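Notes follow the structure.
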Amino acid sequence: MQTDERSRRGGQRFGPADRVRSGRDFRRLSRGQRRRRAAHLVVVEGPSFGVEPAGSDTPGPRLGLTVSRKVGNAVARNRVKRRVREWFRRERGRLLPGRDYVVIARPGAAELDARALWSELAEATGR
RNA sequence: GGAGGUGGACGGAGGAUCGCCGGCAGGCAGGAUCGCCUGCGGGAGGAAAGUCCGGGCUCCACAGGGCAGGGAGGUCGCUAACGGCGACCCGGGGUGACCCGAGGGAAAGUGCCGCAGAAACCACACCGCCGAUGGCGGCUUCGGUCGCACAGGCAAGGGUGAAAUCGUGGGGUAAGAGCCCACGCGCGACAGCCGGGUGACCGGCGGCGGGGCAAACCCCUCCCGGUGCAAGCUCGAAUAGGGACGUCGCUUCGGGCGGCCCGUCCGAGUGGGCUUCGGCUCACCGACGUCCGGGUGAGAGCGCUCGAGCGGCGCAGCAAUGCGUCGCCUAGACGAAUGAUCCUCGCUGGCUUGCGGGCAACUGCUCGUCAGUACAGAACCCGGCUUACAGUCCACCUCCGGCA
RNA sequence: UGGGGCGUCGCCAAAUGGUAAGGCAGCGGCCUUUGGAGCCGCCAUUUGCAGGUUCGAGUCCUGCCGCCCCAG
């Protein structure tokens with residue numbers, strides 16, 4: 001039901017259920033999972049541990065963010081996170097359901113403009 | 001008009017599309033952690049930053065006093081408190097508005113002051129000056145006089161240094177010296193007194209003329225218990241049903257060992273788990289009271305925003321601030337929201353088009369174009385401090401120049 | 001949130017408040033057919049930055065900047 005409603009509305013909602021939040025999930029994903037890198041970021045991909053929405057077998061893709069202090073000050077880090085979330089919100093339909101994606105930003109990511117960051121994300125996810 | 005000083009205010013605006021966080025109301029769904037929809041209104045800063053001080057609040061500890069340790073340091077005030085703020089004093093800087101200062105004590109004691117210099121703090125004299133007095137020698141009219149620089153006197157001049165026992169001028173003297181005088185400078189000791197001020201201090205009279213460093217140890221005065229919202233409180237799940245002591249009920253049965261408590265071994269019985277069906281393994285006292293835990297784990301709620309709050313007015317005060325009164329409610333997240341993309345405008349600077357003012361440097365409006373639009377993100381809450389910042393505006397004041 | 005430490009030449013590093021040692025690297029020279037080794041010489045002006053105390057500061061004090069570490 002909710003999945004249908006989501007897709008009908010374009011699927012651009014982004015709530016707590018769509019995020020990787022626990023430290024355990026982050027640690028589980030970081031070990032031995034598929035990772036691809038672009039110039040200023042790394043994407044780790046792995047099977048999701050999210051909860052299935054009612055009426056569906058597979059949970060939607062979830063997003064996790066890691067932006068360390070080396071990327072910049074708090075304002076710069078927040079800006080990077082917002083842009084990555086924006087990308088995930090709009091491009092989620094093209095990602096695999098049932099997978100978790102952790103985006104690790106590297107130094108320099110804050111100096112990119114939004115379009116450059118998004119093209120690197122597309123490159124690193126292969127989609 | 002130019003240059004500057006102080007204090008204060010602000011720090012982008014509008015629109016379109018897609019979103020985020022929490023509140024209220026309604027609806028739908030429905031184990032929760034973690035649902036969805038609609039509507040309404042709310043959603044970062046002047047520094048939210050650095051975490052340098054001070055408090056509130058929290059739990060723990062606590063009779064009082066002292067020591068250790070840490071901190072503060074002109075005076076008087078303000079304040080919940082402060083290392084903050086205000087006014088004033090003193091010293092320094094600036095033509096000035098104004099700015100800067102950890103600004104108690106060097107006679108309680110200890111220590112240090114390299115190199116240079118004779119000498120660096122308790123005494124002294126390298127070059128030098130003198131040699132009146134005494135000494136030696138020459139001459140002598142026997143009164144003296146000349147020479148030497150031995151005794152001795154001096155600290156002016158030279159020289160060293162960041163600093164050398166006040167500076168300049170005059171008197172004075174054998175040469176000199178605060179030895180005396182005038183003006184100045186300084187004062188911790190000698191020696192205070194008068195006047196003003198709550199006080200730091202200031203003015204006057206008199207007296208004296210003996211370095212520096214306490215952001216060296218230290219002395220004096222004053223302040224400080226620890227802990228930090230991951231504080232702390234409440235609820236809940238699972239694993240485990242622990243250990244010690246005591247009391248009561250009197251504990252599945254039999255046997256062996258050791259004196260007992262009790263422990264251990266063998267066999268049977270009951271129950272649970274696993275099984276290749278041979279067996280293997282675990283449990284076999286219970287209740288109550290007191291004390292003591294360790295590990296795993298999945299969390300959730302409260303704390304959590306109405307507060308030393310913000311704004312206006314009035315009164316007191318030079319001011320910081322206080323009092324009174326009226327009005328207002330202004331983020332509460334937790335892998336962590338407050339945005340993303342695009343368009344238009346604003347602002348600043350460069351170039352440029354046109355019109356105007358001026359002898360000129362230049363300047364006002366205007367068309368276009370390019371570039372820039374900062375520093376920075378609440379994490380329990382306040383009061384400060386410090387640091388960062390594209391630019392804009394306001395008030396008062398100072399100096400210089402022009403005109404009248 | 002709380003606590004601790006470190007910034008000295010390109011690298012490593014020493015310095016009771018009194019001229020910023022030393023080594024490696026680099027540069028120049030000697031030696032050598034050449035290179036290496038060896039020997040000699042050169043190499044800090046901003047001691048992370050800004051102030052202050054002092055006659056004098058890498059050292060003492062204050063405020064910043066950067067890096068590293070620890071506890072929950």
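Since this is a predicted model, take the numbers as computed values, not measurements. The chains referred to below are lettered A, B, ... by the order of the sequence lines, with proteins before strands, and numbering in each begins at 1.
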Original post:
Ignoring hydrogens and angles, are the base of C18(B) and the side chain of R89(A) linked by a donor-acceptor pair under 3.5 Å?
Top reply: yes
Original post:
Do any pairs count as a side chain to side chain donor-acceptor pair (under 3.5 Å) and have a residue in residues 105-119 of chain A, sequence neighbours left out, and if so which ones?
Top reply: none
**OP:** Round to the nearest Å and state the distance from R77(A) atom CZ to A376(B) atom C1'.
**Re:** 12 Å
Subject >> Mate of G69(B) where both pairing distances stay under 3.5 Å, Watson-Crick or G-U >> reply: C224(B)
Subject >> Rounded distance in Å - CH2 (W118(A)) to P (G339(B)) >> reply: 16 Å
**OP:** Sticking with atom P, work out how far G322(B) lies from G384(B), rounded to a whole angstrom.
**Re:** 11 Å
**OP:** Could you work out the separation of C122(B) and G212(B) based on their P atoms and round it to a whole Å?
**Re:** 14 Å
**OP:** Begin from the C-alpha positions of T125(A) and E45(A) and carry the test side-chain contact (heavy atoms from CB on, under 4.5 Å) through to its verdict.
**Re:** CA-CA 9 Å; T125(A) 52; E45(A) 183 189 340; over 6 Å; no
**OP:** Could you measure between the two C1' atoms, the one in G210(B) and the one in A20(C), and give it in whole Å?
**Re:** 39 Å
Original post:
If you check every side-chain atom of R85(A), which of A337(B), G377(B), A340(B) has the closest atom?
Top reply: A337(B)
Original post:
Which is true for A76(A) with a 4.0 Å heavy-atom rule: it touches a base, it touches only sugar-phosphate, or it touches nothing?
Top reply: nothing
**OP:** Calculate the interatomic distance between R83(A) atom CZ and C18(B) atom C1'; express it in whole Å.
**Re:** 16 Å
Original post:
Across all strands, who's sitting opposite U38(B) as a Watson-Crick or G-U wobble pair, both distances under 3.5 Å?
Top reply: A25(B)
Subject >> Whole-Å C1' distance, C375(B) and G11(B) >> reply: 11 Å
Subject >> d(CG, N78(A); C1', C20(B)) in whole Å >> reply: 13 Å
Original post:
How would you label the glycosidic angle of A123(B): syn (within 90° of 0) or anti?
Top reply: anti
Original post:
Which distance, rounded to the nearest 0.5 Å, do you find between the CZ of R79(A) and the CG of N73(A)?
Top reply: 8.0 Å
Original post:
Do any side-chain nitrogens or oxygens of R115(A) fall under 4.0 Å of OP1 or OP2 in C342(B)?
Top reply: yes
Original post:
Taking atom C1' in both G226(B) and C222(B), what distance in whole Å separates the two?
Top reply: 23 Å
**OP:** Hunt down the Watson-Crick or G-U wobble partner of A331(B), both distances under 3.5 Å, from any strand shown, or write none.
**Re:** none
**OP:** Pick base, sugar-phosphate or nothing for N73(A), based on heavy-atom distances below 4.0 Å to the nucleic acid.
**Re:** sugar-phosphate
Subject >> Atom-pair distance (NZ on K81(A); C1' on C334(B)), nearest Å >> reply: 12 Å
Original post:
For the atom pair CG (L65(A)) and CZ (R82(A)), what is the distance rounded to the nearest 0.5 Å?
Top reply: 12.0 Å
Original post:
Mind checking the C1' distance from A379(B) to A68(B)? Whole angstroms is fine.
Top reply: 39 Å
Subject >> Spacing of CZ belonging to R37(A) relative to CD belonging to E123(A), to within rounding of 0.5 Å >> reply: 11.5 Å
Subject >> Any strand: nucleotide that pairs with G86(B) via Watson-Crick or wobble, under 3.5 Å >> reply: C76(B)
Subject >> Syn/anti state of G167(B) by chi, 90° boundary around 0 >> reply: anti
Subject >> Integer-rounded Å distance: U341(B) P and E91(A) CD >> reply: 14 Å
Original post:
Hey, is G161(B) sitting syn or anti, using the within-90° cutoff around 0?
Top reply: anti
Subject >> Within-4.5 Å side-chain heavy-atom neighbours: V80(A) and R83(A) >> reply: no
Subject >> Base-pairing assignment for C183(B) (Watson-Crick or G-U wobble, both under 3.5 Å) >> reply: G167(B)
**OP:** Would you indicate what R82(A) reaches in the nucleic acid, counting non-hydrogen atoms under 4.0 angstrom: base, sugar-phosphate, or nothing?
**Re:** base
Subject >> L41(A), V67(A), V103(A) screened by side chain to side chain contact (heavy atoms under 4.5 Å, CB included) with V84(A), the one that passes >> reply: V103(A)
Original post:
Do you know the tightest heavy-atom contact between V43(A) and A124(A)?
Top reply: CG2-CB, 3.7 Å
Original post:
Expressed in whole Å, how much space separates the P atoms belonging to G2(C) and A231(B)?
Top reply: 15 Å
**OP:** Round to a whole Å and report the spacing from CD of E86(A) to P of U341(B).
**Re:** 8 Å
Subject >> Identity of whatever pairs with C345(B) - Watson-Crick or G-U, under 3.5 angstrom >> reply: G12(B)
**OP:** Based on the glycosidic angle (syn within 90° of 0, else anti), state the conformation of U363(B).
**Re:** anti
Subject >> C389(B): pairing nucleotide in any strand, Watson-Crick or G-U under 3.5 angstrom >> reply: none
Subject >> Syn-anti status, with the boundary at 90° from 0, for the nucleotide U62(C) >> reply: anti
Original post:
Where the side chain of V75(A) is concerned, which of A376(B), A378(B), U341(B) is the nearest nucleotide?
Top reply: A376(B)
**OP:** Tell me, with the steps shown, if V42(A) and T66(A) meet side-chain contact (heavy atoms from CB on, under 4.5 Å).
**Re:** CA-CA 10 Å; V42(A) 178; T66(A) 298; over 6 Å; no
Subject >> Whole-Å gap separating C1' (G339(B)) and CZ (R90(A)) >> reply: 13 Å
**OP:** Using the P atom on both, measure G83(B) against C385(B) and round to a whole Å.
**Re:** 14 Å
**OP:** Would you mind pulling out the nucleotide paired to U251(B), Watson-Crick or G-U wobble, both distances under 3.5 Å?
**Re:** none
Original post:
Run the side-chain contact (heavy atoms from CB on, under 4.5 Å) check on R69(A) and R77(A) step by step: do they pass?
Top reply: CA-CA 8 Å; R69(A) 220 154 50 83; R77(A) 295 199 302 274; 3.5 Å; yes
Original post:
Which sits closer to the 5' end of RNA chain B, A74(A) or A114(A), going by the nucleotide each is nearest to?
Top reply: A114(A)
Subject >> Interface with RNA chain B, restricted to residues 106-113 of chain A and to heavy atoms under 4.0 Å >> reply: none
